[in-house]
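Quick note: numbers below take in every heavy atom, side chains included, and nothing from hydrogens, waters or symmetry partners.
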Amino acid sequence: MKKTVFTLAIAGTVGLSSIFGGIVEAESISSLKNQQNQIQKEKSEISSDINDADQKINSLKEQQSGVKEEMTRLDFSIDDTHKKIGEKTAKLEETKAEITRLEEEIKITKDRILKRNELLKERARNYQVTGGMVSYLDVLMGSRNFSDFIDRASAVATIMAADQDILKQHEADKKSLEENQIKVEEELASVQTMLADLEKMNKQLNAQRAEKDQLLASLKQQEEEIHEHKMELQEESQILAAQAAALQQAIALEQKRQEEARLAAEAAAAAAAAAAAANNTAGSSGGTTVTAPPVSSGAFTQPANGRFTSGFGARGGTMHFGVDIANRAAGVPILAAADGVVIQSYYSSSYGNVVFIAHSVNGQTYTTVSAHMETRYVSSGAVVSKGQAIGIMGNTGDSSGKHLHFELHRGGWNGSKSNAINPVGIVPMP
């Protein structure tokens, strides 16, 4: 879980009223129950946020499915376009081959036309010299007999028909030449146009495919972010549930404590002197170890021995919601700053090994957070006393050196709304 999880709003307020010492007022239970109702409200809000996250995830998945379908359609279109480009490219090669063939035919036709032109020019010169049809008359009139005349007439007719055929072929070749040239130019232009259109279409389809790739990547990233946010909400919900459980235990202990206080008051009325003596001797304190600070006589005690390295407030462009105490020695104990109930004892990717404890001091509820521990000694729901060792100083989670990160919240822990207050002046520090 990232650090941001601890900046999300959790307005659950947990408090314990004089769990371990003194007689408390009956209003404390009512206050605790009100706080319990507030926690339930916040849990409902978190559950609603989780449902919203699920809906967004489902929506993103549907969008991804639609994008993938569109990408499949584009893939088919691109494949079909590639096939058509291949076909048109082959057609273009065929057309070029046809053009080569036609060019050869055109060359031959031009040669025939050229030769006919020469022949026709020669005929024209002959006509000019002989007088055209006159020479044919001379041929006919020079016949020796009728049979010879018929033969000569047939020959003249044949020659004249041949001339007509030459002219017709000449005209046909000219027309064929023009038609073939037009056909070649039109077919080549058509294939080139189709090929250019297909290349353009292929470019557009590939651009659309690239856009869909980017869109799909964006949707996947959004889904990952919402998944992560959902995990953060779930962890917050677990913390709220732990706070609610601790609060329920606190109510039961408070009720028991009030009953014990009532019985003690009755005993005190019967033996005032004995009760006064008992009250004077009731304030016993636990022992200390070599590396632990002495337990203070006030409501709070120093949470650890070491060097005060960072205070409460703005730090590096962000808000530091606690104070840091560093100590390089091995096995430095972390102490409960006051009597209370452990809300949550677990490992967090940001806080590392962390213990949340709810306290009640003079009718005011507090929550302390002790983070980055090497080892935790207490479990969720445990009742702890002031000065009790709850773990060992360490360098776990989002930490750059061996130290204790200590937070004090007036009321319950609630992240960005932050009930966090500067513990200096309230909790003894090194």
Side-chain angles (χ1 to χ4, degrees), residues 1-9 44-104 106 179-238 316-318 348-350 398 415-416:
M1 186 177 94
K2 295 183 179 177
K3 202 80 172 181
T4 53
V5 71
F6 297 104
T7 63
L8 296 172
S44 297
E45 291 177 358
I46 292 288
S47 295
S48 176
D49 290 342
I50 292 174
N51 289 334
D52 289 343
D54 285 333
Q55 291 177 4
K56 289 179 181 178
I57 290 171
N58 291 334
S59 174
L60 286 169
K61 286 183 176 179
E62 289 178 1
Q63 292 180 55
Q64 289 179 52
S65 177
V67 171
K68 288 178 180 178
E69 290 178 1
E70 184 67 14
M71 290 171 71
T72 300
R73 185 191 67 77
L74 286 171
D75 286 341
F76 282 131
S77 297
I78 290 170
D79 182 60
D80 183 60
T81 303
H82 284 168
K83 291 178 180 177
K84 289 180 179 178
I85 289 173
E87 292 171 359
K88 294 304 175 184
T89 301
K91 180 64 176 176
L92 183 61
E93 293 302 318
E94 291 177 5
T95 304
K96 287 180 179 178
E98 179 68 11
I99 289 170
T100 300
R101 186 186 65 78
L102 289 172
E103 285 175 344
E104 289 296 324
I106 289 169
E179 289 176 350
N180 284 340
Q181 286 178 329
I182 292 171
K183 178 182 177 182
V184 166
E185 292 172 358
E186 289 179 349
E187 189 165 355
L188 181 60
S190 174
V191 173
Q192 288 176 335
T193 299
M194 284 189 289
L195 189 59
D197 290 342
L198 287 169
E199 292 288 357
K200 182 179 178 181
M201 182 185 298
N202 185 56
K203 185 177 180 181
Q204 291 173 344
L205 289 171
N206 280 304
Q208 292 176 23
R209 184 64 164 76
E211 289 177 1
K212 297 301 179 184
D213 284 338
Q214 292 178 353
L215 177 58
L216 184 62
S218 175
L219 291 172
K220 286 182 177 178
Q221 182 179 358
Q222 292 179 49
E223 182 183 354
E224 289 174 0
E225 290 174 353
I226 295 176
H227 266 302
E228 183 177 353
H229 177 57
K230 178 184 175 181
M231 291 176 64
E232 293 171 353
L233 291 173
Q234 288 173 334
E235 185 166 352
E236 292 175 22
S237 180
Q238 291 173 358
T318 59
S348 162
S349 60
S350 55
D398 188 5
S416 64

* To do: Give a yes or no answer on whether the side chain of Ser48 reaches the backbone of Ser44 with a donor-acceptor pair at less than 3.5 Å.
  => no
* Should Asp80 and Phe76 count as side-chain neighbours, where that means a heavy-atom distance under 4.5 Å? -> no
* Structure fact -> Distance col, row Gln208:CD vs Ile78:CD1, nearest 0.5 angstrom, shows 8.5 Å
* With no hydrogens and no angle check, is any side-chain donor or acceptor of Thr81 less than 3.5 Å from a backbone partner on Ser77? -> yes
* Structure fact -> Per side chain to side chain contact (heavy atoms under 4.5 Å, CB included), Gln63 is matched among Leu216, Leu219, Leu215, Asn58 by Leu219
* Electrostatic pair Lys83:Asp79 at N-O distance under 4.0 angstrom -> yes
* To do: To the nearest 0.5 angstrom, please state how far the CD atom of Glu225 sits from the NZ atom of Lys56.
  => 11.5 Å
* Asked: Rounded to the nearest 0.5 Å, how far does OG of Ser65 lie from CG of Leu60?
  -> 12.5 Å
* Does a side-chain heavy-atom distance below 4.5 Å link Gln64 with Glu69? -> no
* Asked: Are Glu224 and Glu228 close enough that some pair of their side-chain heavy atoms sits under 4.5 Å apart?
  -> no
* Asked: Say you draw a straight line from CD of Glu94 to CD of Glu87; how long is it, rounded to the nearest 0.5 Å?
  -> 10.5 Å
* To do: Look at the side chain of Thr193 and the backbone N and O of Ala189, then say whether any donor-acceptor pair between them is shorter than 3.5 Å.
  => yes
* Check: Ser190 side chain, Glu186 main-chain N or O, donor-acceptor pair, under 3.5 Å -> no
* What distance do Asp52 atom CG and Ile226 atom CD1 have between them, rounded to the nearest 0.5 Å? -> 10.0 Å
* Please round to the nearest 0.5 Å and tell me the distance separating atom CD of Glu70 and atom CZ of Arg209. => 10.5 Å
